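All remarks here apply to the structure that follows.
Predicted model only: the values in this text are computed from it and were never measured.
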Amino acid sequence: MVWKLTGLRYEKHQQLKNRAQQAVMKALREGTLTKSLCEVCGRLVVEAHHDDYNKPLEVRWLCKSHHREAHGHKSRMIERLKLWRRLND
């Protein structure tokens, strides 16, 4: 399902998202939150993914690829690469 936020709803969503991101950065600096490996593939370089921005410190640690997938942003290039890998395994 694709949905878009517009106008005031978008602004409120962005504010909530920004506050959650800032809370994660602050907690990482203070040592109250620590990064872990990507929960899907085990990569070391990870990003914080929020399933709910109302719970800013409840994050899933995902590598860039899996973070994009979690948001539904699979590009054609990524899909082609996966297909190529399947065909060549």
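Not a single side-chain hydrogen bond (donor to acceptor under 3.5 Å, both in side chains) links E58 to another residue, sequence neighbours left out. Residues meeting the side chain to side chain contact (heavy atoms under 4.5 Å, CB included) test with Q15, sequence neighbours left out: R19.
A heavy-atom distance below 4.5 Å is not found between the side chains of C63 and E47. A 4.5 Å side-chain heavy-atom check between T34 and L28 finds every atom pair outside the cut-off. Side-chain atoms of E39 and L62, non-hydrogen and from C-beta on, do get closer than 4.5 Å to each other. With contacts defined as side-chain heavy-atom distances shorter than 4.5 Å, the pair M25/Q22 qualifies. For the pair E11/Q14, no side-chain contact is recorded, criterion being any heavy-atom separation below 4.5 Å from C-beta on.
Here the closest heavy-atom approach between residue A48 and residue V24 is recorded as CB-CG1, 4.0 Å. For the pair V46 and R43, the tightest heavy-atom approach, listed with the atom from each and the gap, is CG1-O, 3.6 Å.
Residue pairs satisfying the side chain to side chain donor-acceptor pair (under 3.5 Å) criterion with at least one member in residues 23-33, sequence neighbours excluded, are absent.
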Could you walk me through whether H67 and K64 pass the side chain to side chain contact (heavy atoms under 4.5 Å, CB included) check? CA-CA 5 Å; H67 194 185; K64 188 172 186 102; 5.6 Å; no
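Aromatic ring centres of Y53 and H50 lie closer together than 6.0 Å.
Summarising the geometry, atom CG belonging to L33 is positioned 6.0 Å from atom CG belonging to L57; distances are rounded to the nearest 0.5 Å.
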